[in-house]
Structures are given as structure tokens and as C-alpha cells.
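To find a chain, count down the sequence lines: A is the first, B the second, and so on, and within it residues start at 1.
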There are 2 protein chains.
Amino acid sequence: MDLSSPAAKDDTADDIGIRLKLVRQIFGLTQRELARRAGVTNGAISLIEQNRVSPSVSSLKKILDGIPLSLAEFFTLDFSPSDHVFFQANELTEIARDPDISIRMVGQRTQERVLQMRRETYQPGADTGEAMLRHTGEECGIIVSGSLVVTVGAQERVLHPGDAYSFRSDIPHRFRNPYNEPCMLISANSPPSF
Amino acid sequence: MDLSSPAAKDDTADDIGIRLKLVRQIFGLTQRELARRAGVTNGAISLIEQNRVSPSVSSLKKILDGIPLSLAEFFTLDFSPSDHVFFQANELTEIARDPDISIRMVGQRTQERVLQMRRETYQPGADTGEAMLRHTGEECGIIVSGSLVVTVGAQERVLHPGDAYSFRSDIPHRFRNPYNEPCMLISANSPPSF
DNA sequence: CGCAACTGTTGAAAATCCTAAACATGGATC
DNA sequence: GATCCATGTTTAGGATTTTCAACAGTTGCG
């Protein structure tokens, strides 16, 4: 066979090359490092990733063993849905309803996840209310700027930047900012609560 | 490289050969027929099934396209659980506790399943057709009266009252009653199909 | 800059795979 | 048994992949 165009042999036998390249990069390996681990040459990996050749299953397996990843996992891996790993600050989605409180979460509510990370901002005077919050799971957070009065069960504390909290969410809790400066904190919930 | 023993290159790159052979047989294809559909030679398939060579991914894909089966499905397929397809009447496992009641189940209770049970009657001459049935899910059944010829993949058996079958529905299957007596059976499907 | 250390890419030769065609075996029919 | 037909296996040779080694580009440092 002849390679007329640079992307000849583009019969895309399932984009092995791209798949391999993505996987390798996800695992933070260079062609040479992976080649060393797998016991093949870096040239082979280069050719495969360019779809210039279609590796034998045994070669592919040797390479994947160096990651390590099974053939089944390799072919099953789906990059499309969860490829949204990084979010810019303005990409966080707002989930709070109170105008004095901003709660932005990382990612969409669509995905099933066990962990939800948030950036919360409490304006001066903001208060989650005397009727204490309560739900299942756990949550924790760290104050980034400003100060906040946090009540958890019978305990109440004023938290300043760098301070943190961690408690079971079924213990009644309340956040309020009686100061004249906004308070920003980073928190995490498990499981997610909206 | 030299092939000293007949099973040289037994590094078992995931038993591609055995896998391919099983899949091919399950779908009731000969090496030549599959080769024709896939556009490769029967010799190639023979060599692959003997693990004498490790096919290139592109070749394997071409072959699987002839089945058809995706690479992901091929490598994911698990043969261990469903290889027990036929059960004799006395192989059914009793699951009832009341000594006055006998409840016998087909197979093991290991897997979680969502089943739909049915009572089916096949009049003499009835036949689901040479174009084998194929759909998602699982199904099993027990013959109550009469006899039935059941084909599942490459296996074919005449089942008599008390005998049973159990297989994954994506394996081609066919029911027919070439006898002069109606056949009644109790079957179950998962997920339910109406 | 010069150099070292790293990256991925290439060309020719060695190793491996795939094809084409012949071979061997088993079952069915006469 | 003889023949036909279908099955899977094998062999030689052309096609493809892999290695080995050299190449080119980038980054970091003295």
C-alpha cells in the first residue's frame, strides 16, 4: 500500500492512534518513557499514534501493560463525556437562590458524582437562617477571605481566612456574615446537594 | 522467531485466538464464512485462532466487522458466566424453604437480574425462523410439555420436559418445534420485552 | 551563545503478519 | 468404497509492522 496523503490508512480502525496518545498523555507519560516501560521502541509508539501503522494486538497489549491498562479498558474508554476536567472561574455554575449568597459549583449537576466542590460568597448581612440547614452527607470548607460565623450543632465559631470546618451534614448548621466585608470560602459536599 | 512447540507465542496476549474462536462459534460462523464477510482469508483466521500470530488491530477490526462486533465488545465479552447454557432437569437448583413447596431455579442465584417470566406454547411446525433472533438482555426458560429444538449460537439441543436453557439474548437464537405435539415452556426475559 | 537533555519523527533492515493456494480431515450421498 | 463438499490447517512469498539509529525541534542552564 502507498501513503499518498499524510493521513493515509485513515480507515480509522477506531482511532487507535489518537486513543493511545490521549491515554498516554492522561497518564503523563512520554513516548520514550512508555516505550521503556512497555519494552518497545519509541519509534513504534510514534508511528502508532500517527496512525501510520496498525499495531498487532500483542504489541498494543505490551504497550498498554506499561501504563498499565487492559485492552478492554483501552477500547472501552470514553473520552467524550468526562473530558471536561478543568473549569475557568466563570464556568462555575451558580446554584444559590439568596441574593446575598453566591454558591458556585464545579461542573454540571448532570453527572453522577460523589463529590461536589463549591466556591461560596456571603455578602455582609447574609444568613442561611435561624432554621438550621440539615441534609445527609458530609461537608467541609476553608475560608479564603473575610470572616464568617459558623454554627454547627451547639458549637459556634468565628472563622477567619485559613480557618476551616468539617462536619456531618445531618448536624444542624448555619452560616452568617455579620461583618461589613464579604466572605468567600471553598467547600466540598458529599454527596452533592443542590 | 521460531515455533518450537505447537503452542509457541503463548504469551497469551489475552487469548485473542480463543476469544475469536468462541465468538465466531457463538455466532455460528465458519472460518471461511467469516473470512468472506470480513474480507480477509480463512488462513489468517485460522492462524489467529491458533495464536500463531497476533493480528494487527486493523485486521482484527475487519474480522469483527464481519460478525459484527465492536473491538470494545470483543475485549469486554465475558464468557465465564454464560458458558453454562443447558441444564438437565435434575440440574435445576432448589431455592424454596418450605418442604411442601418446590421452587427450582435455573443457574445460580449469583447475578442480579430483572426478569420477566413467560409461558410460551409452540404448536407443531412452529419456528422462530432461520434468521436468528438477537436482542439485548438475557432470557431463560423451562420446557413444561412437548419437545423443542433450541439453537443458541453454535449449540443446538432438543429439549424435553424439565430441561431448560439460559443465555444472553445478544447471542443469536432460534426456537422450533418439528414434532407433532405442542410444546409449552415457561421462560423469563431480562429486561422485560413486550 | 553553546551545550545538554529532552521531546517526537523518520529511513533502512529485521521481524512479523496476511494472502493465495495447496493440503488434510470428516461427514454425507451414492 | 468413491466422490463430493465443507471444514480447519499449512506453506511460501508479498505486505506490513517493529527495531535501531540517526535526525530535528524545544527547553533550560552556565
Side-chain angles (χ1 to χ4, degrees), chain A residues 1-67 71, chain B residues 1-67 71 153-156:
Chain A
M1 169 192 272
D2 153 64
L3 306 180
S4 45
S5 81
K9 168 156 270 175
D10 58 354
D11 39 291
T12 61
D14 272 26
D15 280 341
I16 300 302
I18 292 143
R19 270 188 120 64
L20 178 58
K21 184 166 193 169
L22 282 172
V23 167
R24 176 175 63 78
Q25 291 174 335
I26 284 173
F27 282 83
L29 298 172
T30 66
Q31 289 183 347
R32 281 190 152 84
E33 170 60 13
L34 178 53
R36 192 190 59 73
R37 294 198 199 184
V40 301
T41 59
N42 59 305
I45 293 180
S46 176
L47 294 172
I48 292 167
E49 290 190 353
Q50 298 171 77
N51 278 325
R52 297 263 297 275
V53 301
S54 176
S56 71
V57 172
S58 62
S59 300
L60 182 59
K61 180 174 191 316
K62 273 206 317 199
I63 293 170
L64 295 178
D65 282 344
I67 290 184
L71 285 163
Chain B
M1 170 196 269
D2 153 63
L3 305 181
S4 46
S5 81
K9 169 156 265 179
D10 58 353
D11 41 291
T12 62
D14 270 27
D15 280 342
I16 299 302
I18 292 144
R19 267 189 124 63
L20 178 58
K21 184 165 192 170
L22 282 171
V23 167
R24 177 175 63 78
Q25 290 177 334
I26 283 172
F27 283 83
L29 298 172
T30 67
Q31 290 182 346
R32 281 189 153 84
E33 171 61 13
L34 177 54
R36 192 190 58 72
R37 294 198 198 183
V40 301
T41 59
N42 60 306
I45 293 179
S46 176
L47 293 173
I48 292 167
E49 291 190 352
Q50 298 171 78
N51 279 324
R52 298 265 296 276
V53 301
S54 177
S56 71
V57 172
S58 63
S59 300
L60 182 59
K61 182 175 191 316
K62 271 203 325 196
I63 293 170
L64 294 179
D65 282 345
I67 288 185
L71 285 164
Q155 302 182 59
E156 182 167 279

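- Atom CD1 in I16(B) sits about 12 Å away from atom P in dC18(C), given to the nearest Å.
- For the OP1/OP2 pair of dT10(C) and a distance below 4.0 Å, the side-chain nitrogens and oxygens of Q50(A) include at least one atom meeting the criterion.
- Put simply, CD on Q25(A) and OG1 on T30(A) are 11.0 Å apart, with the number rounded to the nearest 0.5 Å.
- In this structure, R37(A) CZ and F27(A) CZ are separated by 10.0 Å, a value rounded to the nearest 0.5 Å.
- Side-chain N/O atoms of T41(B) include none lying less than 4.0 angstrom from OP1 or OP2 on dA20(C).
- Taking for each of E49(A) and G39(B) the nucleotide of DNA chain C with the nearest heavy atom, the 5'-most of the two is the partner of E49(A).
- In this structure, NZ of K21(A) is placed 8 Å from P of dG8(C), rounded to the nearest angstrom.
- Rounded to whole angstrom, the span from the CG atom of L60(A) across to the P atom of dT17(D) amounts to 13 Å.
- Under 4.0 angstrom from either OP1 or OP2 of dT10(C) there lies at least one side-chain N or O belonging to R52(A).
- Between atom NZ of residue K21(B) and atom CD1 of residue I48(B) there is a gap of 13.0 Å, rounded to the nearest 0.5 Å.
- Regarding L47(B), its CG atom lies at a distance of 13 Å from the P atom of dA12(D), rounded to whole Å.
- S56(B) contributes no side-chain N or O that, together with a main-chain N or O of S56(A), makes up a donor-acceptor pair within less than 3.5 Å.
- Whole-Å rounding puts the I63(A) CD1 to dT18(D) P distance at 7 Å.
- Each of I63(A), D65(A), L64(A) was scored for a side chain to side chain contact (heavy atoms under 4.5 Å, CB included) with K61(A), with one residue passing: D65(A).
- A35(A) is linked by a side chain to side chain contact (heavy atoms under 4.5 Å, CB included) to V40(A), N42(A), I45(A), counting only residues two or more places apart in sequence or in another chain.
- Comparing dT19(D), dT17(D), dT18(D) against the side chain of S54(A) picks out dT17(D) as the nearest.
- At the phosphate of dT9(D), OP1 or OP2 sits under 4.0 Å from a side-chain N or O atom of Q31(B).
- For the pair L34(B) CG and dA6(D) P, the computed distance is 17 Å after rounding to whole Å.
- Between R36(A) and dC6(C), a side-chain N or O to OP1/OP2 separation shorter than 4.0 Å is absent.
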Spell out protein contact along nucleotides 21-27 of chain D as letters: B when the base is contacted, S when just the sugar-phosphate is, - when no protein heavy atom is under 4.0 Å; keep the 5' to 3' order. -B-----
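- Mapping E33(B) and V40(A) onto DNA chain D by nearest heavy atom places E33(B) at the nucleotide closer to the 5' end.
- Atom-to-atom, CD1 of I45(B) to P of dT7(D) comes out at 12 Å; the value is rounded to the nearest Å.
- Atom CG of L29(B) and atom P of dT7(D) are 10 Å apart (whole Å).
- In this structure, S46(B) does not reach the dG8(D) phosphate: none of its side-chain N or O atoms is under 4.0 Å from OP1 or OP2.
- OP1 and OP2 of dT17(D) both lie 4.0 Å or more from every side-chain N or O belonging to S56(B).
- Between the CD atom of Q31(B) and the CG atom of L20(B) there is a distance of 8.5 Å, given to the nearest 0.5 Å.
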